[in-house]
**Student:** 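If you scroll down you'll find the structure; I have some questions about it.
Order of the sequence lines sets the chain letters (A, B, ...), proteins ahead of strands, with each chain counted from 1. Treat the numbers as computed from the prediction; the structure is a model and nothing was measured.
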Amino acid sequence: MIAGKNTRVLVQGITGKEGSFHTKLMLEYGTRIVAGVTPGKGGSTVHGVRVFNTVREALRETGGVDASVVFVPARAAYDAVLEAVENDIKLIVVVTEGIPLLEELRIVHYAKLKGVTIVGPNTPGLIVPGETKLGIMPANYYKPGVVAVMSRSGTLSYEVAWQLSRSGLGVSVAIGIGGDPVTGLDFIEVYNMFLEDPKTRYVVLVGEIGGDLEERFAKYYSGLAEKKPVVAYIAGRSAPREKRMGHAGAIISMGLGDYESKVKALTESGIPVARKVSDIPSLLKGLGV
Amino acid sequence: MRLLEYEAKEIFRRYGIRTPEGVVCRTPQEAREAVAKLGSSVIKAQVPVGGRGLAGGVKFAESPDEAYRLAGEMLSKEIKGSRVELLLVEKKVCVSRELYLSLTVDRASRSLVYIASKIGGVEIEELARKNPESLVKLNTNPYIGFSPYIARTIASFIGLPAEAWGEVERILAGLYRIMVDYDAELVEINPLAVDCSGSLIALDAKILVDDNSLFRHPDLEKLKYRELTSEERSAREKGFTYVSLDGYIGVIGNGAGLTMATMDLIEYYGGKPANFLDVWSGGGASRDRVKEAVRLLLENPRVRVVLVNIFGGMTRCDEVALGVKQAIEETGSKKPVVVRLMGTNQEEGVRILREAGLLVYEDVDEAVRRAVEISRGGGV
């Protein structure tokens, strides 16, 4: 999987309120956080984790990391992510919300060129239940199991995880791709990771109105020879077309993006779409889980 | 945030993109004077919404008196919920052809994309559906932006003569510079006209500025609420993401996806949401924020029942519960409130709400069903 119990993690923005709070929770969950970075706070510690002024120094002093989790505030996040990319960190989870769009576009585009995986921005992160957590999701709602979850929204994916956990199916891995118009990963790339994961038998896609990520995934999925079955849920059926709900925004997607378009694309590709979140476990069980 | 047409055109001109000669007017008298000076003109309502033409927001005036009359009508109107307070009166242009040009963000390739069409004046979504063959899309690296081959490719696709390449180049380079300088997510010219002398002129102008970048543009930031209804504005000033809808069940959720899913569930069980309110935006669901949010909905006359759906995780449920309770105490409202609560200190939160006589659920379906029943007069 993308991360596991041996993944060595750096936290950027570790001394901030969010960064320090979630560092504590991640440590409690078992995440191997080996260093933190906050410019100007080098030499201090946060919950026993050593803090450095620069990523370069953190890597040199701790023998390197596999991933970074970024809590740096929106106005400085672009710079922080570039610093991580240039220091060859191969997995960067950007929790920060509200990063300017053109900066997101540039870091995501650049990371791709450099072969770096970016989860987010504006994501709750990723969790491999029972192993590690790189992010902010409430881990107690994620019981280890067989269903992988990929989601655009944060709290809604907690709800889905909880429904899966209480139904007994459990979660093998959950990845929040992020709620912004531009993200490092799309559903296709995340699904391909799930295909490689031996613990994952089924996949839940949690989408929402806007953009065409779901439509593109549906098209890709229908062309696959070997696949793990997918059940989808799309939020926003009741939202009026001309209004923006939240942050994602109405960037032109060539006539795609409304609820009907997504449901049609998914259904035609053989992906059942749950009308409500609480129907997801029974739809999965209907597939023979 | 969407700039008004005349604001976008002022920017266009600064970046070398030609626009018709025009005057911004606030009164019918000003419109009369403008047409006396310009001759045959078009009068355009300056509202931050699309589709104004069909809603009566674009009219032609041949004489100053006609301009006076049309301007008076337009200024007394609302277009798609926006009051018309400003008009742009522009000299009529002799048009031989209408085209489409824009620069925006392409989610799929995570890059920028120039879009051009041989057909102008139609919304791009409709063009993509009905005349996809009229469109060309050229991706460009967001660090690189414009390069002249893009202009040649687009000009030759549209069928503009080589003499026009320079002009196309200037316009496309301008779009990229505007996008960067103003942190735009879309810069669109629709239609871009070929006038009767063969040169290019922007008849309309649309610039959408990225809301996350407004902190870099203090002059624009102060305008950011103008496209909202007054109900939405007061909620956003309190820091909530808020959209007013036409139903009667007040909705509070944390996180955009969860809040939308709550609205969907209300409709599923036969009710109608009155709003979308995400308390999460800008820093979690603290006691005071929850209190303000519940208060806002209790005081909204359209709301018959308030449904709070918090899937906290980190959020402390006891704090949420106290926020709900205080809002009810402070407003003295008798409106029913149904709460779905999950997260840290859940038992304590549930106890506080039950003692206050409120309905609390762990299961979201049960909570929503109950709220819908109550909204139909089912009693508490």
Side-chain angles (χ1 to χ4, degrees), chain A residues 21-22 25 74-75 97-103 105-106 108-110 112 136-138 141 151-159 162 179-184 186 206 208-209 211-213 216 233 235-240 242-249 251-255 275-278, chain B residues 49-50 80 102 104-105 107-108 110-112 115 124-126 128-129 132 141-143 179-180 183-186 208 210-213 215-216 241 243 245-246 253-261 263-268 272-273 276 278 280-282 311-314 342-344 363-365:
Chain A
F21 177 65
H22 288 290
L25 293 175
R75 294 176 192 197
E97 180 178 353
I99 301 176
L101 179 64
L102 290 177
E103 293 184 349
L105 189 62
R106 286 178 168 175
V108 160
H109 194 95
Y110 188 55
K112 271 232 135 37
I136 62 171
M137 58 277 279
Y141 299 117
S151 172
R152 283 171 67 186
S153 54
T155 45
L156 182 58
S157 69
Y158 311 165
E159 173 94 57
W162 181 64
D180 289 351
V182 177
T183 53
D186 61 18
V206 186
E208 56 186 66
I209 51 170
D212 64 350
L213 286 176
R216 279 191 282 125
Y233 172 79
R237 188 180 209 267
S238 62
E242 69 278 14
K243 299 257 189 178
R244 282 188 186 202
M245 298 286 152
H247 38 66
I251 289 192
I252 293 178
S253 53
M254 294 300 173
R275 269 298 303 277
K276 47 191 176 53
V277 172
S278 54
Chain B
V49 292
K80 294 190 174 174
S102 70
T104 187
V105 171
R107 300 178 189 224
R110 291 118 168 158
S111 60
L112 296 175
I115 304 173
I124 184 69
E125 283 82 1
E126 195 183 327
R129 231 179 3 254
N141 179 306
Y143 283 98
M179 176 166 261
V180 171
D183 285 295
E185 50 189 54
L186 171 74
L208 296 182
D210 168 35
D211 288 341
N212 287 346
S213 302
F215 69 90
R216 287 202 281 248
T241 308
V243 178
L245 305 167
D246 53 10
N254 63 324
L258 185 79
T259 311
M260 276 198 292
M263 289 160 42
D264 296 346
L265 210 50
I266 288 173
E267 290 209 347
Y268 180 85
K272 294 277 280 173
F276 166 99
D278 175 9
W280 186 268
S281 51
F311 197 111
M314 309 312 154
M342 293 278 294
T344 315
D363 185 281
V364 67
D365 288 80

**Student:** Quick check with a 6.0 Å cut-off and a 45 degree axis cone: is A:R275 positioned over the face of B:Y268's six-membered ring?
**Tutor:** no
**Student:** Would you mind telling me which of B:I266, B:D210, B:L265, B:V364 has the largest number of heavy-atom pairs within less than 4.5 Å of chain A?
**Tutor:** B:D210
**Student:** Pair A:E103, B:N212 - check side chain to side chain contact (heavy atoms under 4.5 Å, CB included), show working.
**Tutor:** CA-CA 10 Å; A:E103 293 184 349; B:N212 287 346; over 6 Å; no
**Student:** Closest approach of A:Y233 and B:D264, non-hydrogen atoms and distance?
**Tutor:** OH-OD2, 3.6 Å
**Student:** Check whether A:R106 gets within reach of chain B through its side chain, its backbone, both or neither, counting any heavy atom under 4.5 Å.
**Tutor:** both
**Student:** For the CG atom of A:L105 and the CZ atom of B:R107, what is their distance to the nearest 0.5 Å?
**Tutor:** 12.0 Å
**Student:** Checking heavy atoms, do the side chain of A:S238, its backbone, both or neither come under 4.5 Å from chain B?
**Tutor:** both
**Student:** Please name the pair of heavy atoms, one in B:G343 and one in A:Y141, separated by the smallest distance, quoted to 0.1 Å.
**Tutor:** N-OH, 3.1 Å
**Student:** In terms of heavy-atom pairs under 4.5 Å with chain A, which of B:T259, B:D363, B:L258 leads?
**Tutor:** B:L258
**Student:** Quick check for you: among A:A235, A:S153, A:S157, A:P100, which has the greatest number of heavy-atom pairs under 4.5 Å with chain B?
**Tutor:** A:P100
**Student:** Output the option from A:G236, A:S278, A:G184 having the highest count of non-hydrogen pairs under 4.5 Å with chain B.
**Tutor:** A:G236
**Student:** Name the region of A:L213, side chain, backbone, both or neither, that has any atom closer than 4.5 Å to a heavy atom of chain B.
**Tutor:** neither
**Student:** Got A:Y158 and B:M342 here, is their nearest side-chain heavy-atom distance under 4.5 Å?
**Tutor:** no
**Student:** Does any non-hydrogen side-chain atom of B:M260 lie less than 4.5 Å from one of A:I209?
**Tutor:** yes
**Student:** Could you look at B:D365 and say if it's the side chain, the backbone, both or neither that has a heavy atom under 4.5 Å from chain A?
**Tutor:** side chain
**Student:** Could you check whether any side-chain heavy atom of A:L102 comes within less than 4.5 Å of a side-chain heavy atom of B:D183, counting everything from C-beta outward?
**Tutor:** yes
**Student:** Counting only N and O atoms by type, is there a donor-acceptor contact under 3.5 Å from the side chain of A:T155 to the main-chain atoms of B:F311?
**Tutor:** no
**Student:** Against chain A, label B:N141 side chain, backbone, both or neither, depending on which of its atoms sit under 4.5 Å from a heavy atom there.
**Tutor:** both
